[in-house]
Amino acid sequence: MEQRRDDRSFLGQPAWVWTAGALLLGFALTVTVTLAHHAALAKAERAQFDRVAERSFDAVAGRLHDCGTLVRSVQSVFLASEDVTADEFRHLYTNLRPRELFPSLQAMAVAMREPRDGQDHFITTRVAPVAGNERLHGLDIASQPANLAALLYSRDTDLPAMSASFQLVQRIGKFGPADGVIIRLPVFTPGPPPASVAERRARFAGSLAASFRVSTLISSALPDE
């Protein structure tokens, strides 16, 4: 009987204790390995997300830079001409074919400065394309605070200025999102680009704008991920 008890024990403990201990140890190792594997996967996913986010940011920033370059090219025409007529403006738009590069582009427009009763108003006089943007004709930019803020900033800096998001008048009542942004550059009287804030204000004649739907502008720039 003494010998049989020794066969079923080890170091004074029954065999089932060691069996249970081995099971618990195996379970603990499994949990540890699983958690470590999960942590590695989560870290890899975060790294991938960070790379996608970085590429997305760069893509959107690049698209906005291209938008600014587009408006700058039109600004150069106004610096070289005493007057760009509405027909010439539409021909310029057609030749640039901007919607091939910017599917989200709603319109390009020019608002000319008109002092009235001691206040500056900015009346939209040139629009392209005309179809779908009829509501822009005669629009006073001074009635849109977000748009006006971008106009004034671009006037003083001669840099592309993007407005805060607001409701585009040509999208009101139409299917799909109406929120948009405007990228603006000033129109100066003909001559060399003005070199100071004082000269920019003195030669400020109006403002160029390119309007975009926010959602389409961003989605068209994002990588597939």
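Only heavy atoms go into these numbers, but all of them, side chains included; no hydrogens, no water, no symmetry mates.
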Taking all non-hydrogen atoms of both residues into account, name the closest pair between [X] and [Y] and its distance.
{"X": "A146", "Y": "A164", "answer": "CB-O, 4.0 Å"}
{"X": "Q106", "Y": "R99", "answer": "O-NH2, 2.9 Å"}
{"X": "L79", "Y": "P193", "answer": "CD1-CG, 4.2 Å"}
{"X": "P98", "Y": "M108", "answer": "CG-SD, 4.5 Å"}
{"X": "L208", "Y": "F89", "answer": "CD2-CE1, 4.2 Å"}

R97, CZ atom: more than 12 neighbouring heavy atoms under 6.0 Å: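 Atom CZ in R97 is not packed in, count stays at 12 or less.
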Passing option when I141 is tested against L151, D120, I123 for side chain to side chain contact (heavy atoms under 4.5 Å, CB included):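 With I141 as partner, L151, D120, I123 yield a single side chain to side chain contact (heavy atoms under 4.5 Å, CB included), made by L151.
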With L168, the side chain to side chain contact (heavy atoms under 4.5 Å, CB included) member among I182, L136, N147, V181: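 With L168 as partner, side chain to side chain contact (heavy atoms under 4.5 Å, CB included) holds for just one option, I182.
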Quick one: do [X] and [Y] end up in the same hydrophobic cluster if we chain Ile, Leu, Val, Met, Phe, Trp and Tyr together by side-chain heavy atoms under 4.5 Å apart?
{"X": "I183", "Y": "L159", "answer": "no"}
{"X": "V197", "Y": "V187", "answer": "no"}
{"X": "V84", "Y": "M112", "answer": "yes"}
{"X": "V110", "Y": "V130", "answer": "no"}
{"X": "F102", "Y": "L92", "answer": "yes"}

Taking [X] for its side chain and [Y] for its backbone only, find out whether a donor-acceptor pair lies under 3.5 Å.
{"X": "S81", "Y": "F78", "value": "no"}
{"X": "D158", "Y": "L185", "value": "no"}
{"X": "R200", "Y": "F188", "value": "no"}
{"X": "R201", "Y": "D156", "value": "no"}
{"X": "R135", "Y": "V169", "value": "yes"}
{"X": "N133", "Y": "P129", "value": "yes"}
{"X": "Q119", "Y": "D117", "value": "no"}
{"X": "D140", "Y": "A142", "value": "yes"}
{"X": "T124", "Y": "A111", "value": "no"}

[X] vs [Y] side-chain heavy atoms within contact, under 4.5 Å:
{"X": "T85", "Y": "D83", "answer": "yes"}
{"X": "F122", "Y": "S207", "answer": "no"}
{"X": "R126", "Y": "R90", "answer": "no"}

Separation between CZ of R116 and NE2 of H121, rounded to the nearest 0.5 Å: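 The NE2 atom of H121 is 5.5 Å from CZ of R116, to the nearest 0.5 Å.
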Show the atom names and distances, to 0.1 Å, of all donor-acceptor pairs under 3.5 Å that link a side chain in residues 21-31 to residues at least two apart or in another chain.
| from | atom 1 | to | atom 2 | distance (Å) |
| --- | --- | --- | --- | --- |
| T30 | OG1 | G26 | O | 2.9 |

Short side-chain donor-acceptor distance under 3.5 Å, Q75 and R72: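 Indeed, the side chains of R72 and Q75 share at least one donor-acceptor pair under 3.5 Å.
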Residue pair R184 / S154, side-chain donor-acceptor N/O under 3.5 Å: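 Result is no, nothing qualifies.
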side-chain contact (heavy atoms from CB on, under 4.5 Å) evaluation trace for S73 with L96: CA-CA 9 Å; S73 66; L96 287 173; 4.2 Å; yes
